[in-house]
Amino acid sequence: RAKAEGKNIYRVYNQAWDSRSERKMLLEKELHKALLKEEFILHYQPQIDLATGEMVGAEALIRWSHPRMGLISPGEFIPLAEETGLIVPIGEWVIKEACLQARKWREAGLPPIGIAVNISPRQFNKPDLVETILGIIEQTNADPRYLELEITESVAMFDTEQVMEKLDKLKSRGIPIAMDDFGTGYSSLSYLKKLPIDKLKIDRSFLVEVTPENANDNASIVAAIISLARNLNLRVIAEGVENAEQLEFLKAHRCDEGQGYYFQRPVPSEELEKLLQKRAAG
Ligand code: C2E
Ligand code: MG
Ligand code: MG
Ligand code: MG
């Protein structure tokens, strides 16, 4: 009897750990099948030109809806996909889906906007990344000027020559490149100058508590990134704009664009289409 109790105690101690690793294993198993079972969709979050108030772009954000487990956030499954290498086929699906969607909107006569897709480090580091992307563009008859790639500082940190070569090739085909989550990584400023990128995305953690009146550290950082971008001739967009105070601050500092819940949450393609129709109507 004592032995049985001991076993129960052991089980209780390990339950938290067990259920975490069990969920991870389950997710990994399900992730392998998710593409074939067509469980992914893209949502789109508008990017707003702060001078005109017009939507000028949208970021494609992947969503996984599992029939039994429900909605699983990319914050949970993208790292797993990255770890297992599944990010490569998933990432290709994202690019293709975004290009097909952009073509549908174009064929419907809607105003063209840039569609930004996230490229994970492992995906970027594949030797055939450029050929894959150019292949998808050709196959879907997409306009490369409206397919923006978001990379992070961790991509830019390693193997500078190869990174530079890939970015140069993409750039020469007219594909814009944005540096996502800027300010949270380790890329050096001199490297930033050399990279053929078009846009900095200020990480949303820096927007917290930014107001026109509040002279706090975050406000200084945001102002510094905006002026850095301007001096390097890069466009700059703030992520995570959640209120009017942040927007006022960004406008006062002449930040080019904003993206965040204050404007719009990420929405399904049908809803973005309605926004595009509204824009087309004037
Ligand atoms: P990210 O690329 O930095 O995308 C922005 C994230 O911030 C999105 O979260 C978006 O929903 C969220 N967000 C936007 N506005 C606000 C706001 O005002 N307040 C707050 N609190 N959050 C806001 P989401 O969709 O959960 O995606 C999380 C991350 O997952 C993305 O961060 C990106 O790193 C990754 N991810 C999403 N889709 C893809 C994809 O297709 N491929 C890859 N490789 N990564 C993706
Ligand atoms: Mg992004
Ligand atoms: Mg980001
Ligand atoms: Mg982020």
Side-chain angles (χ1 to χ4, degrees), residues 42-63 74 94 98 101-102 104-106 108-118 143 145-152 175-184 197-212 214 218-219 221-230 232-282:
L42 293 184
H43 280 191
Y44 298 87
Q45 187 176 36
Q47 300 179 326
I48 309 299
D49 183 316
L50 297 184
T52 64
E54 224 168 56
M55 171 168 64
V56 287
E59 178 173 7
L61 294 157
I62 195 168
R63 299 291 178 257
V94 170
Q101 186 59 70
K104 274 188 213 156
W105 285 331
R106 192 182 64 208
L110 294 165
I113 59 165
I115 306 286
V117 299
N118 293 282
D143 185 336
R145 293 168 304 166
Y146 292 103
L147 173 69
E148 182 172 80
L149 305 181
E150 293 193 2
I151 60 171
T152 55
I175 301 168
I177 314 285
M179 181 73 88
D180 203 359
D181 304 340
F182 184 71
T184 59
I197 57 172
D198 303 276
K199 194 174 185 178
L200 292 184
K201 296 193 78 175
I202 304 173
D203 189 73
R204 68 178 151 86
S205 61
F206 298 122
L207 268 287
V208 174
E209 278 161 25
V210 165
T211 73
N214 234 352
N218 273 356
I221 291 170
V222 171
I225 296 177
I226 294 169
S227 80
L228 174 70
R230 186 168 307 115
L232 295 177
N233 257 321
L234 303 172
R235 279 187 79 74
V236 58
I237 179 168
E239 300 189 288
V241 182
E242 292 185 347
N243 59 53
E245 288 74 38
Q246 292 166 331
L247 174 58
E248 202 185 318
F249 180 94
L250 293 168
K251 277 179 160 175
H253 286 80
R254 288 189 293 134
C255 185
D256 297 310
E257 294 171 28
Q259 177 183 342
Y261 296 167
Y262 185 67
F263 303 109
Q264 203 91 51
R265 290 192 174 245
V267 294
S269 58
E270 309 83 62
E271 273 180 60
L272 198 90
E273 187 166 324
K274 281 182 200 149
L275 295 171
L276 284 172
Q277 282 162 350
K278 234 190 265 171
R279 215 198 101 172

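One-based numbering along the sequence shown.
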Residue from Arg204, Lys199, Lys201 passing salt bridge (Lys or Arg N to Asp or Glu O under 4.0 Å) with Glu239 = Lys201

Measure the shortest side-chain to side-chain distance between Ile113 and Ile115 over non-hydrogen atoms and say whether it is less than 4.5 angstrom.
-> yes

Side-chain touch Phe263/Leu247, heavy atoms, less than 4.5 angstrom | yes

Do the side chain of Gln246 and the main chain of Leu207 share a donor and acceptor less than 3.5 angstrom apart?
-> yes

Taking Asp198 for its side chain and Ala178 for its backbone only, find out whether a donor-acceptor pair lies under 3.5 Å.
-> no

Nearest 0.5 Å, what's the CG-CG distance between Leu234 and Leu200?
-> 5.0 Å

Straight-line distance of Glu209 CD to Asn218 CG, nearest 0.5 Å = 7.5 Å

Flag, side chain of Arg254 to backbone of Arg230, donor-acceptor distance under 3.5 Å = no

If you measure from the Lys or Arg side-chain nitrogens to the Asp or Glu carboxylate oxygens, is any gap between Lys104 and Glu273 under 4.0 Å?
-> no

Taking atom CD of Gln277 as the centre, report whether more than 12 heavy atoms of other residues, nucleotides or ligands fall under 6.0 Å from it.
-> yes

Scanning both residues in full, the closest heavy-atom pair of Ala219 with Asn214 reads CB-O, 3.6 Å

Is a side-chain N or O of Glu248 found less than 3.5 angstrom from the main chain of Thr211, in a donor-acceptor match?
-> no

Just by distance, do the side chain of Arg279 and the backbone of Met55 share a donor-acceptor pair under 3.5 Å?
-> yes

Compare every heavy atom of Ala60 with every heavy atom of Leu42, then report the nearest pair and how far apart it is.
-> CD1-CB, 4.1 Å

Check whether any side-chain heavy atom of Leu276 lies under 4.5 Å from a side-chain heavy atom of Tyr44, and answer yes or no.
-> no

From CA spacing to verdict: side-chain hydrogen bond (donor to acceptor under 3.5 Å, both in side chains), Gln259, Gln47 = CA-CA 5 Å; Gln259 177 183 342; Gln47 300 179 326; 2.9 Å; yes

Would you check if Asp143 and Pro112 make a side-chain contact, meaning some heavy-atom pair closer than 4.5 Å?
-> no

Exam field: side chain Asp180 to backbone Glu150, donor-acceptor pair closer than 3.5 Å = no

